[in-house]
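See below for the structure under consideration.
In what follows, chains are A, B, ... by sequence order, proteins preceding strands, each numbered from 1.
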Protein chains: 2
Amino acid sequence: MSLEHAILGFLRQQAMTGYDLKTLRFDHDAQHFWTADQAQIYRTLGHLENRGLVSSRVRRQRSRPDRKVYSITPPGVEELDRWAASPAPLPPLRDPFLIQLRFADHLPDDDLLHVLRERRQAMQQRLDSLRARAFEESRGSGRDSILHQLTLDAAIADARAGIDWLDNSLETLSALIEQERQTPGKQPRLFAPRTDERGSTS
Amino acid sequence: MSLEHAILGFLRQQAMTGYDLKTLRFDHDAQHFWTADQAQIYRTLGHLENRGLVSSRVRRQRSRPDRKVYSITPPGVEELDRWAASPAPLPPLRDPFLIQLRFADHLPDDDLLHVLRERRQAMQQRLDSLRARAFEESRGSGRDSILHQLTLDAAIADARAGIDWLDNSLETLSALIEQERQTPGKQPRLFAPRTDERGSTS
DNA sequence: CACTAGTATATGTCAAGACATATACTAGTG
DNA sequence: CACTAGTATATGTCTTGACATATACTAGTG
C-alpha cells in the first residue's frame with residue numbers, strides 16, 4: 001500500500017501521532033500528491049504496528065487526550081528502503097472529466113464550452129496555489145528539501161499541462177462549432193464522404 | 001459513479017453486451033482514460049438496469065453462449081446529459097511514484113537515478129503508443145471523432161509533461177549529487193546527524 | 001485426445017478509500 | 001452559560017475497484 005509507505009517515510013523523518021500525521025503531514029506537506037483520511041491513517045498505523053514496522057508509546061496528558069506517538073522500527077526502515085528502490089507501475093490516467101468530454105457530443109454548444117472553461121478555471125486555481133507554495137518552500141538545498149520541491153514541480157507540471165490542453169481543446173471546439181454554424185446541413189460525418197471507387201453502395 | 005456514465009455513453013452510441021463493452025470499448029477506445037474490469041462492468045450493468053437507465057434483451061445463440069444486449073433507455077439518456085453538463089470536481093493528483101521520490105533521500109545515488117530513468121522509459125513507451133493511436137485515429141472531423149481525439153490529446157499531454165518533469169528532475173538531482181561529491185564532509189541535514197546507533201564501539 | 005483460446009455471463013471475496021459518528025476534555029467566544 | 005473549535009483516538013459502514021473462480025460451449029492446435 002502506498003499510504004503505508006508514506007507513513008513510514010514521515011515517521012522516519014520524525015516520530016509523531018496519527019493526529020500529527022493527518023494535520024501536519026497529509027493535510028499540508030503531502031497534500032499535492034497524496035491525501036488520506038483520518039480513519040485510514042489510524043487504521044494503517046494499526047496494521048503497521050501489527051507487522052512490527054512501527055512501534056508506539058502513549059504519552060499521558062492532563063489537559064488533553066493522551067497522545068500515542070508512533071516511531072519507525074528497523075524493519076520499517078528496511079521495508080521503506082526496499083520499496084523506494086523498487087519500480088512502481090505507471091498509474092493509468094483515470095479522469096472522470098475525460099468521460100464527460102468524450103460523451104459530450106449531445107451537449108448544447110454553450111454548455112460544452114462552459115464545462116471546459118469551468119475546468120480551466122479550477123485548474124488555474126490549483127496552479128496558482130501550487131506556485132505560491134513552491135515559492136514559499138523554495139529555500140533549502142539539501143537533498144530532502146530538493147526532493148520535496150521536485151514533488152511540487154510534478155504537481156505544477158501536471159496542472160500546467162492540463163491548462164494548455166484545455167486551451168487547445170477550447171480552440172479546437174470553438175473552431176468546430178463555428179464551422180458547423182456556417183454549414184447549415186449539419187450532419188456530423190464520422191467517416192469520409194462516400195466517393196471511394198471500390199465496392200458500390202448497392 | 002463515473003463508470004456508470006461511461007457505460008451509458010457507450011450504449012448511447014450503440015447497444016451492446018457486457019462482453020463487448022469490455023473487449024471493444026474499455027480495453028480499446030477508453031483504455032487511455034478509464035479502465036474497468038469485467039466483473040465491475042457486469043455488476044454496473046445490473047445496477048443500471050435496476051434503476052431503469054438501461055434495458056436488456058437476450059439473443060439466443062446456438063454455437064455460442066447467449067448474448068445479453070443492453071440498450072440505453074430515455075431516462076438513461078437524460079441522466080447522461082444531466083451529468084455531462086454538471087461540473088466534476090478536479091481529481092487530486094495521487095501518484096505512488098511521488099511518495100517514492102519524496103522519501104528517496106536515503107537511497108544510494110545510483111538507485112535514485114535509476115528509479116527516475118526507469119520511470120522515464122515507461123512514460124516514453126506510453127507516449128509512443130498514445131501517439132501511434134492518435135495518428136491512426138486522426139481521421140474524422142465530426143464532433144464525436146474530435147472529442148475522441150481530444151481525450152487522446154489529454155493523455156499525450158499528460159505523458160509529455162511527465163517526461164519533461166522527469167528530465168528536469170534528473171538534471172537537478174545529477175547536479176546535486178555532483179555538488180555533494182565535490183563537498184566532502186558534513187552534508188546539510190534537517191534532523192539529527194546520523195551517527196552509528198550500534199552503541200558498543202569495539 | 002488433451003489442451004488452449006475465444007465467447008459469454010455471473011458470483012465471492014478482499015483491500016482501499018470515503019464518510020459518519022462516538023468519546024472526552026479544554027479553551028475561547030458571544 | 002451555551003456554543004464552537006481544537007486536540008486526540010477509534011469504530012461502523014458503504015462504494016469502488018481488483019482479483020479469482022465457476023459455468024458452458026466451440027474451434028483450433030499439438
Test: E136(B) and R133(B) ion pair at under 4.0 Å: no
query: How close or far is atom P of dG6(C) from atom CZ of R67(B), stated in whole angstroms?
result: 17 Å
message: Distance check needed: dT7(D) P versus D20(A) CG, whole Å only.
response: 9 Å
field: Proximity to the side chain of Y70(A) - top-ranked nucleotide from dA18(C), dA8(C), dA10(D)
entry: dA10(D)
task: Can you tell me the distance, in whole Å, between the NZ atom of K22(A) and the C1' atom of dA8(D)?
output: 14 Å
- prompt: In Watson-Crick or G-U wobble terms, both distances under 3.5 Å, what is the partner of dA16(C)?
  reply: dT15(D)
Carboxylate-amine/guanidinium contact R51(B) E4(B), below 4.0 Å: yes
message: With a 3.5 Å distance limit and no angle check, can you tell me whether E49(A) reaches the backbone of S56(A) through a side-chain donor-acceptor pair?
response: yes
- line: Rounded to whole Å, CG of L45(A) lies from C1' of dG17(C) at a distance of 16 Å
field: Whole-Å distance separating the CZ atom of F26(B) from the P atom of dA18(D)
entry: 12 Å
Residue matched to dT23(D) through Watson-Crick or wobble contacts both under 3.5 angstrom: dA8(C)
message: Rounded to whole Å, please give me the gap between CD in E4(B) and C1' in dG17(D).
response: 14 Å
- prompt: Nearest to the side chain of W34(A), which nucleotide is it out of dA18(D), dG12(D), dG17(C)?
  reply: dG17(C)
Residue whose nearest DNA chain D nucleotide is more 5′ - H47(B) or D66(A): D66(A)
- prompt: Within the structure, does a side-chain N or O atom of Q40(A) lie under 4.0 Å from either OP1 or OP2 of dA16(C)?
  reply: no
- prompt: When we call it a touch if two heavy atoms are under 4.0 Å apart, what does T17(A) touch: a base, just sugar-phosphate, or nothing?
  reply: sugar-phosphate
statement: Among the nucleotides dA20(D), dA10(D), dG17(D), whichever has the atom closest to the side chain of A39(B) is dA20(D)
query: Can you tell me if the side-chain N/O atoms of Y42(A) get under 4.0 Å from OP1 or OP2 in dA10(D)?
result: no
- line: Per atom distances to the M1(B) side chain, the nearest of dT9(D), dG17(C), dG17(D) is dG17(D)
task: Salt-bridge test for D27(B) and K22(B): reply yes if a basic N is under 4.0 Å from a carboxylate O, no otherwise.
output: yes
- request: Can you figure out which of dA18(C), dA18(D), dT9(D) approaches the side chain of R94(A) most closely?
  value: dA18(D)
message: Check for me whether R119(A) meets the cation-pi criterion with F97(A), that is, NZ or CZ under 6.0 Å from the six-membered ring centre and within 45 degrees of the ring axis.
response: yes
- prompt: Would you call E180(A)-R143(B) a salt bridge at under 4.0 Å N-O?
  reply: yes
message: By nearest atom, which of the nucleotides dA8(C), dT11(C), dC19(C) is closest to the R43(B) side chain?
response: dT11(C)
statement: When rounded to whole Å, the CG to C1' distance for the pair D37(B) and dC14(C) reads 13 Å
query: Side chain of K68(A): nearest nucleotide among dT9(D), dG17(C), dA10(C)?
result: dT9(D)
message: Whether Y19(A) contacts dT7(D) is assessed here as follows: a side-chain N or O lying under 4.0 Å from the phosphate OP1 or OP2. Is that the case?
response: yes
query: Of the candidate nucleotides dT9(C), dA8(D), dA18(C), which contains the atom at the shortest distance from the side chain of Q38(B)?
result: dT9(C)
- prompt: What is the distance from CD of E49(A) to P of dT9(D), rounded to the nearest Å?
  reply: 12 Å
statement: Partner of dG30(C) under the Watson-Crick or G-U wobble criteria, both distances under 3.5 Å, comes out as dC1(D)
